[in-house]
Structure formats: structure tokens, C-alpha cells
Amino acid sequence: MRFHRDPITVAEAQQRILAHITQGDIEKIPLFESEGRRLAEAIIATSDVPHFSKSPYDGFAVRSADTTGASIHNPIELEVIGAIACGDAPDFCVEVGQAARIMTGAAIPQGADCVIMFEMTSENEARVDRIVGIKKEMKPGENIVFQGEETKTGTRLIEVGTRIGPGEMAILATFGYAHVPVYRLPRVGILATGSELLRPEDELTYGKIRNSNSYMTASQVRQAGGIPILYGNLEDDSDLAVAKVQQILSETDFLITSGGVSVGDFDVMVDVFTRLDADLLFNKIKMRPGSVTSTARVGQQFIFGLSGNPGACFVGFELFVRPALHALQGKSQTALPEMQAKLGIDMKKPSPFTRYVRSSWTIEQGEIVVRPVGMDKSGVVTNITDANCLMCIPAGGAGAAAGDLVTILPLPYRAGE
Ligand SMILES: Nc1nc2c(c(=O)[nH]1)N[C@H]1C(S)=C(S)[C@@H](COP(=O)(O)OP(=O)(O)OC[C@H]3O[C@@H](n4cnc5c(N)ncnc54)[C@H](O)[C@@H]3O)O[C@H]1N2
Ligand code: MOO
Ligand SMILES: [Mg+2]
């Protein structure tokens, strides 16, 4: 049986997926292992930063009033009553005429209201550590890092869904998150359909090809924060496909298949959706490549039926699976980001649907310029490596001309390369 195909827009397809996604399970993991994971709770400052007033310099904690009139030529002598190291809790008070040695990061003692750097003092060699000469007039509060000046207790610092990187690690450690609440990594089954498929280790034989989609998709899953689980290659046989899909759904959070979603005699995914009584969210999208990309729900789980053509499979993942993985992990921006770029060459091929062209953007004379990476056929596999974005060419007979502004969707994992 063939499904009726009613083409919908990319945005509508994305919306149909997101409408059914509830955020994933939460687990607490050790801070050191949380790199790259997404936060399941907003992080709130559990203390002031700093939580005590402290010195930013090595020097002397003094009373500013005692320094009135001090200069290089007229140092004012103060009695040194002690030394405060980082980590000390000073138990004395700096009284009139007194000073305390203090190190960078150490707590300001009572009585003192400023810190003078060692460089602005002179110490009498004969009476070292007992008398210090102050060579500069100080203002109240000068050279003090005040309690809470950076952050106050209760400030919301990181939002749910944020990916943990260096800055987040620093905050989590600062506020005592030895264990971090994160979303569990979604387990994503990957199944390649096609009787023509060989494994990477197999010799090529006439008419057959090696399965590249599973490995490409596994990499995309990892990049989007999921755990890929490979279920190998499946020949085009409906009975086998139904059984395999059921097995995978029982072992994973959701399933990505490639191939078999079009109208060919051996395109098994259509049968799978029918026989599993799946809730088909869509099976035709107004886009090129990958117009036959299909997605169905079985209970709370999804089957993303990506196209077999590698270029279409790649694009289908970026437009539909990535947002699902992001939404599961609380990320607020689920779709690829958008930018405007100047088209570097004519793209006048007419298309009834929006084209998502694997492309590369660069900065030329201060402008973002985008060009396709090469042969733009959905069966092409060897130029995906050159793409750092998808370029959107609107539907219609005219296409787009060199110099036109077009929307591009930068691929996040290519940023910073
Ligand atoms: N009569 C029509 N024919 C086709 C249509 C159509 O609308 N009417 N759509 C075309 C478009 S567009 C696409 S895209 C493909 C989609 O095909 P399927 O998703 O059913 O994929 P297959 O038929 O299984 O394979 C297509 C192509 O991709 C190669 N392939 C498959 N799996 C892999 C893999 N794991 N690694 C690498 N390459 C793979 C396969 O050998 C085929 O060459 O349908 C068009 N036809
Ligand atoms: O939908 Mo197909 O991907 O254009 O080759
Ligand atoms: Mg096919």
C-alpha cells in the first residue's frame, strides 16, 4: 500500500515533530564528566561572589583616613600588626595608625577600608615587618573587591538546556555543584535499509555500495548530543524490517532509518509505517533534497525515515532530527541558526520546492559570501565534507542570482574550524 503524499513546508514538519516532544529524563552526574551535556535545571548563585570582601593585590590593608597627606616625599609611617594570607580569617582589627600585610585574594580585616600595593610603600630595613611607610593618599574602598560585587546570592546564571562548556564548568564549581543535573543522552538507533548495502569492510561488487549513511548519521547524532547505536544494514524485506524496527524501538529512545521512503517497488519503510500502525506525521516535504523524508510516531517514540540518498539523508537529519534531539535536552533554540549571506554565483536552477544546498560560507572583503560546495545532486556523498552551511534557495522558476542575499543555516559543529 502507498501512502497519499501531501507536501508540507519544512517549518510545518518541524512544528509537527516538536509538538510531540516532551523533555527527556534527568540524571545527576559528576561535575568533571558533565562537559558537553545540557543542563536540566537553571543554575542559581548559591552565595555572593565573592562571599567576603578581599584584596586584589599584595600590599597593606590600612585605614584611608590614616593616609591623608601621604606622598613619595612624605611617607606616613604605620605600625604593621600582622599578615593575612589567602584563606586566613583575620581575627584582629586594624586600629588608627596600624596596617596589616595582606596578600591577593585574602580577606580584608576589620578596621581597614582600603589596600595599598607593596610598590607604593617603603619598609624600613631595620624595622622590617613592624613599620611601613605609606607613599600615597588612599580613598575609602580603594583596591577592595567587595562582597557580592560580581554576583549576588539568588542571581539566575545559566538557563535550562545550556550546553556545559568552560564557563559553565567554572560557575558550577564556584557554586558547589559537585554533581550536575543534566538531561540523559538520548539513545538513537540507526538502521540502513537497502539490499544493495555493504559494510565498510566488504569488497565492492557490481551494483552494490557501502553503507555510508549510518556512519554519517551517527556522527550527526553525536554532534547533536545523542548516543548513536548502529543496527547495521537491512535488506529490503518488509517482514524483516518490521521485526527489526520493533526490536530497535524496544532498545532505544528513537530510530533513524535511511532509504526506502520513496515510491520504489522495494521501498520498505512505507510498509513498516503501515504495519506498525504508526502515526505518520508527514511523508512529503516542500524541500529539495529529501522531499520524501518521513516521520512517524509509535507511542511516544519517533521513527525518522531519512532518504537513502546521502545528501538528502544529511539534510533531513539537520532539519528534522537535530531539532528533536535539542528539544529533548531542553535547548530553547532547536532549529539550525539562520544568517544572511551574499550569493557568490548564480543558482538559477528552477525548483518547485525550496532547495537546501550543501554550501560553504566565507568572509570576503568584510561580507559573508556563500557558494555551493560542488555537484548539488542528492546522491553525491563526497562533498558533504566541504559544507559548513545549508544555503536556502527559494522555490520558483527564477532561483537566485549572484549578489542576491540568501538565508544560510550554518552547521554548528563547523563553527570555529
Ligand atoms: N518515481 C520516483 N522516484 C523517486 C522519487 C520520486 O519522487 N518518484 N524521489 C527520488 C528522491 S528525490 C529520492 S531522495 C530518492 C529517495 O529514495 P529512498 O529514500 O527510497 O532511498 P533508496 O531508494 O533506498 O535509495 C536511494 C539511493 O540512495 C542510496 N543509498 C541508500 N541507502 C544508503 C546508505 N545507507 N548509504 C549510502 N547510500 C545509500 C541507494 O543505493 C540509492 O542510490 O528516491 C528518488 N526516486
Ligand atoms: O528528495 Mo531527493 O533527496 O531530491 O534526491
Ligand atoms: Mg527508493
Side-chain angles (χ1 to χ4, degrees), residues 2-10 13 189-202 204-221 228 230-238 240-241 244-245 248 255-274 280 282-296 303-321 349-358 372 375-385 387 390-393 395:
R2 299 280 158 223
F3 281 99
H4 170 67
R5 306 233 176 192
D6 187 13
I8 60 171
T9 63
V10 168
I190 297 175
L191 177 66
T193 73
S195 299
E196 77 279 28
L197 298 178
L198 301 170
R199 299 167 304 168
E201 58 269 41
D202 294 334
L204 286 179
T205 56
Y206 190 75
K208 308 239 178 201
I209 59 163
R210 296 192 183 101
N211 164 20
S212 57
N213 287 346
S214 291
Y215 298 91
M216 174 181 72
T217 310
S219 170
Q220 289 173 294
V221 166
L230 293 190
Y231 283 90
N233 308 344
L234 191 81
E235 57 192 89
D236 295 315
D237 176 295
S238 291
L240 288 180
K244 195 72 183 171
V245 165
I248 299 172
L255 167 63
I256 300 172
T257 64
S258 69
V261 284
S262 184
V263 294
D265 292 349
F266 306 102
D267 283 338
V268 291
M269 289 312 294
V270 178
D271 292 341
V272 169
F273 294 143
T274 314
L280 191 64
F282 52 82
N283 61 4
K284 186 86 179 173
I285 303 172
K286 293 179 182 171
M287 65 185 245
R288 282 272 153 77
S291 57
V292 289
T293 304
S294 305
T295 295
I303 303 172
F304 292 96
L306 303 184
S307 165
N309 276 322
C313 183
F314 179 82
V315 170
F317 180 96
E318 291 301 330
L319 295 182
F320 306 111
V321 188
K349 185 168 133 189
S351 166
F353 295 152
T354 307
R355 292 170 63 199
Y356 290 82
V357 183
R358 284 146 283 152
M375 199 189 281
D376 183 38
K377 291 184 173 172
S378 71
V380 172
V381 67
T382 51
N383 64 20
I384 296 170
T385 181
L390 300 177
M391 165 175 26
C392 310
I393 303 292

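In listed order, ligands and their atoms are each counted from 1.
- For atom 5 (C) of ligand 1, the closest non-hydrogen atom on the protein side is Ser262 OG, 3.3 Å.
- The residue among Leu234, Asn213, Ile190, Thr293 with a heavy atom at the shortest distance from atom 32 (N) of ligand 1 is Asn213.
- Heavy-atom proximity to Asn309, at under 4.0 Å, picks out these atoms of ligand 2: 5 (O).
- Side-chain contact between Val381 and Met216 is absent, with no heavy atoms from C-beta onward closer than 4.5 Å.
- For the pair Phe314 and Asn213, the minimum side-chain heavy-atom distance is 4.5 Å or more.
- The ligand atoms of ligand 1 that sit less than 4.0 angstrom from a heavy atom of Gly259 are 19 (O), 21 (O), 24 (O).
- By the 4.5 Å heavy-atom criterion applied to side chains, Leu197 and Ile209 are counted as neighbours.
- Counting atoms of ligand 1 from 1 in the listed order, those under 4.0 Å from a heavy atom of Val292 are 16 (C).
- With ligand atoms numbered from 1 in the order given, ligand 2 contributes 1 (O) to contacts under 4.0 Å with heavy atoms of Ser291.
- Here the heavy atom of the protein found nearest to atom 24 (O) of ligand 1 is Gly260 N, 3.1 Å.
- Proximity of a side-chain donor or acceptor of Asn211 to a complementary backbone N or O of Gly232 within less than 3.5 Å is not detected.
- In terms of protein heavy-atom proximity, atom 39 (C) of ligand 1 is nearest to Gly308 O, 3.3 Å.
- With a 4.5 Å cut-off on side-chain heavy atoms, Arg358 and Asp376 count as touching.
- The atoms of ligand 2 that sit less than 4.0 Å from any heavy atom of Gly290 are 1 (O), 2 (Mo), 3 (O), 4 (O).
- Within the 4.0 Å heavy-atom shell around ligand 1 one does not find Gly194.
- Atom numbering of ligand 1 starts at 1 in the shown order; those under 4.0 Å from a heavy atom of Ser258 are 35 (N).
- Scanning all protein heavy atoms for the shortest distance to atom 43 (O) of ligand 1 gives Asn309 OD1, 4.1 Å.
- For the atom pair Leu191 CG and Leu230 CG, the distance stands at 10.0 Å (nearest 0.5 Å).
- Not a single N or O atom of Ser307, backbone or side chain, sits closer than 3.5 Å to an N or O atom of ligand 2.
- Nearest protein heavy-atom neighbour of atom 36 (N) of ligand 1: Ser212 N, 3.1 Å.
- With hydrogens left out, the protein atom closest to atom 14 (S) of ligand 1 is Ser307 OG, 3.0 Å, a heavy atom.
- Annotation: side chain of Arg288 is not in contact with side chain of Ser378 (no heavy-atom distance under 4.5 Å).
- If you check which protein heavy atom lies closest to atom 5 (O) of ligand 2, you get Ser378 OG, 2.2 Å.
- Looking only at side-chain heavy atoms (C-beta outward), Leu390 and Glu318 come within less than 4.5 Å of each other.
- Remark: the backbone N or O of Ala312 is not paired with any side-chain donor or acceptor of Asn309 at under 3.5 angstrom.
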Steps toward side chain to side chain contact (heavy atoms under 4.5 Å, CB included) verdict (Asp202, Lys208): CA-CA 10 Å; Asp202 294 334; Lys208 308 239 178 201; over 6 Å; no
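- Listed by number with element, the atoms of ligand 1 under 4.0 angstrom from any heavy atom of Leu197 are 32 (N), 33 (C), 34 (C), 35 (N).
- Atoms CG and OG, on Asn283 and Ser291 in that order, are 10.5 Å from each other to the nearest 0.5 Å.
- Set against the non-hydrogen atoms of Ala312, the atoms of ligand 2 under 4.0 Å away are 3 (O).
- By the criterion of a heavy-atom distance under 4.0 Å, both the backbone and the side chain of Asn211 are placed next to ligand 1.
- Only side-chain heavy atoms of Ile209 come within less than 4.0 Å of ligand 1; its backbone N, CA, C and O stay farther off.
- Residue-level proximity to ligand 1 for Val381 is absent, since no heavy atom of it falls below 4.0 angstrom.
- At distances below 3.5 Å, not a single donor-acceptor pair connects side-chain atoms of Glu196 with backbone N or O atoms of Gly207.
- Checked by distance only, ligand 1 and Lys284 stay at 3.5 Å or farther apart across all their nitrogen or oxygen atoms.
- Side-chain atoms of Thr217 and Cys313, non-hydrogen and from C-beta on, do get closer than 4.5 Å to each other.
- In terms of protein heavy-atom proximity, atom 1 (N) of ligand 1 is nearest to Val263 CG2, 3.5 Å.
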If you apply the rule side chain to side chain contact (heavy atoms under 4.5 Å, CB included), what do you find for Phe266 with Ser195, and how did you get there? CA-CA 9 Å; Phe266 306 102; Ser195 299; over 6 Å; no
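- Near Asp267, meaning under 4.0 Å from one of its heavy atoms, ligand 1 places the atoms 20 (O), 23 (O).
- Considering only non-hydrogen protein atoms, atom 40 (C) of ligand 1 sits nearest to Glu196 OE2, 3.0 Å.
- Checked by distance only, ligand 1 and Val261 come closer than 3.5 Å through their nitrogen or oxygen atoms.
- For ligand 2, the atoms lying closer than 4.0 Å to a non-hydrogen atom of Arg288 are 4 (O).
- Judged by the shortest distance from any of its heavy atoms, Pro289 lies outside the 4.0 Å radius around the atoms of ligand 1.
- The shortest distance between side-chain heavy atoms of Asp236 and Thr193 falls below 4.5 Å.
- From Thr354, atom OG1 reaches atom CD1 of Ile393 across 10.0 Å, with rounding to the nearest 0.5 Å.
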